[in-house]
There are 2 protein chains.
Amino acid sequence: MELLEERIRKDGKVLPGNILKVSSFINHQIDVELLDKLGKEFARRYAGQTVTKILTIESSGIAVACATARYFNKCPVVFAKKSSSSNISDDCYRTSVYSYTHSKNYNVIVAKQYLTPADNILLIDDFLANGSALSGLTDLVCQSGATLVGAGIIIEKGFQEGGEILRKRGYRIESLAIIDSMSTEDGIKFRS
Amino acid sequence: MELLEERIRKDGKVLPGNILKVSSFINHQIDVELLDKLGKEFARRYAGQTVTKILTIESSGIAVACATARYFNKCPVVFAKKSSSSNISDDCYRTSVYSYTHSKNYNVIVAKQYLTPADNILLIDDFLANGSALSGLTDLVCQSGATLVGAGIIIEKGFQEGGEILRKRGYRIESLAIIDSMSTEDGIKFRS
């Protein structure tokens with residue numbers, strides 16, 4: 001998506017360790033108008049698909065998930081919660097997600113009542129890199145018996161393995177910008 | 001706000017310990033259409049005020065903050081981040097917020113570049129009870145030298161002291177539903 005790639009080139013910051021900072025417009029300060037356009041683009045890509053609910057993970061997926069829901073008949077958004085407790089509650093679906101940012105595992109939960117076999121779920125998140133968060137979300141959907149329509153990702157780090165692994169499992173993933181390589185010296189190269 | 005009070009009566013759950021669960025429409029599953037109406041109502045109440053930025057706190061303030069921003073010329077939303085680290089970075093404003101839900105203090109940070117003396121800030125959050133989160137947000141705004149326009153809260157627990165303390169400090173707080181009392185036996189009584 002040209003508009004998004006331009007914005008990443010302009011305002012994204014490449015830091016050592018393959019970190020791309022987009023906190024001025026996506027995940028600390030939020031450009032509400034941009035997110036609206038991203039939501040519209042997800043809807044264009046998934047046109048004709050029935051989506052009854054959007055599932056994301058706190059915190060930085062929430063804004064783009066809500067922006068996207070506007071284009072799917074304002075369907076409900078559910079955000080999976082990170083939980084420090086390892087208690088297994090009967091009321092929740094639960095999975096584990098490894099955060100490379102914080103070098104630790106999180107338990108991630110969704111109350112069972114919000115994901116049902118009747119639901120058609122679109123997953124939305126800001127980043128896809130190693131695929132741990134997205135894989136966790138697919139696991140929650142699987143546990144619930146809901147139908148997984150696919151995933152919409154703002155930025156995929158194409159040089160990490162998450163996208164390939166999950167597509168090989170048969171999941172449809174639509175990433176609005178896929179980065180093939182990035183470095184502080186050479187900048188960002190997008191997949192064309 | 002009648003519509004909101006009706007929804008809280010219908011779908012909110014009062015639990016022992018003065019807990020009001022609204023996770024089916026506000027802070028786990030999100031009713032995007034309802035939040036849109038809440039955002040419109042905040043804009044009506046703050047009509048004529050200049051707002052250049054909306055500040056909230058992760059996670060459950062993000063969705064309503066973004067919905068509200070749509071009615072303030074799609075101004076940027078900034079969400080303060082909870083940080084487990086107590087490291088003081090020169091790049092961030094930092095304050096401490098006590099969470100009664102988790103019985104612990106969080107460090108809450110905002111990158112300095114996103115709050116400037118030129119900004120007119122509207123604070124948005126889902127709940128106001130003891131006032132710790134909202135007080136922390138006012139502290140961040142104060143540190144930045146930005147102008148604080150006021151706060152917009154979805155649900156205020158009027159029987160807890162946060163609202164009174166902060167209004168006495170001179171802050172304008174607009175709460176869309178104020179609960180005077182609630183119990184599992186007698187249900188919820190709203191301030192009229």
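Numbers restart at 1 for each chain; the letters A, B, ... are given by sequence-line order, proteins then strands.
Linking ILVMFWY residues whenever their side-chain heavy atoms come closer than 4.5 Å, directly or via other members, places B/Ile8 and B/Leu3 in the same cluster. With hydrophobic clusters built from ILVMFWY side chains whose heavy atoms lie under 4.5 angstrom apart, A/Ile57 does not share a cluster with B/Ile26. Under the 4.5 Å side-chain heavy-atom criterion for Ile, Leu, Val, Met, Phe, Trp and Tyr, B/Leu34 and A/Val32 are members of the same hydrophobic cluster. At a threshold of 4.5 Å between side-chain heavy atoms, the hydrophobic network of Ile, Leu, Val, Met, Phe, Trp and Tyr places B/Val97 and B/Val110 in one connected group. With hydrophobic clusters built from ILVMFWY side chains whose heavy atoms lie under 4.5 angstrom apart, A/Met182 does not share a cluster with A/Ile178.
Along residues 142-174 of chain A, no residue comes nearer than 4.5 angstrom to chain B, judged on non-hydrogen atoms. Residues of residues 118-138 of chain A lying under 4.5 angstrom from chain B, judged on non-hydrogen atoms, do not exist here. Interface residues of residues 70-78 of chain A toward chain B, defined by a heavy-atom distance below 4.5 Å and sorted by number: A/Arg70, A/Lys74, A/Cys75, A/Pro76, A/Val77, A/Val78.
A pairwise comparison of heavy atoms in B/Asn27 and A/Phe79 identifies O-CZ, 3.2 Å as the closest pair. The two atoms that bring B/Ile30 and A/Cys66 nearest to each other are CD1-SG, 4.0 Å, heavy atoms only. Summarising the geometry of B/Ile62 relative to A/Ser59, their closest heavy-atom pair is CD1-O, 3.7 Å, with the distance given to 0.1 Å.
Between chain A and the options B/Glu33, B/Glu58, B/Lys53, B/Lys81, the largest number of non-hydrogen pairs under 4.5 Å is found for B/Lys81. Contacts with chain A were tallied for B/Ser60, B/Ala111, B/Ala69, B/Ala67; B/Ala111 has the most, counting heavy-atom pairs under 4.5 Å. Between chain B and the options A/Asp36, A/Leu35, A/Ile54, A/Leu55, the largest number of non-hydrogen pairs under 4.5 Å is found for A/Asp36.
With sequence neighbours left out, the ring pair (Phe, Tyr, Trp, His ring centres under 6.0 Å) criterion links B/Tyr114 to A/His28.
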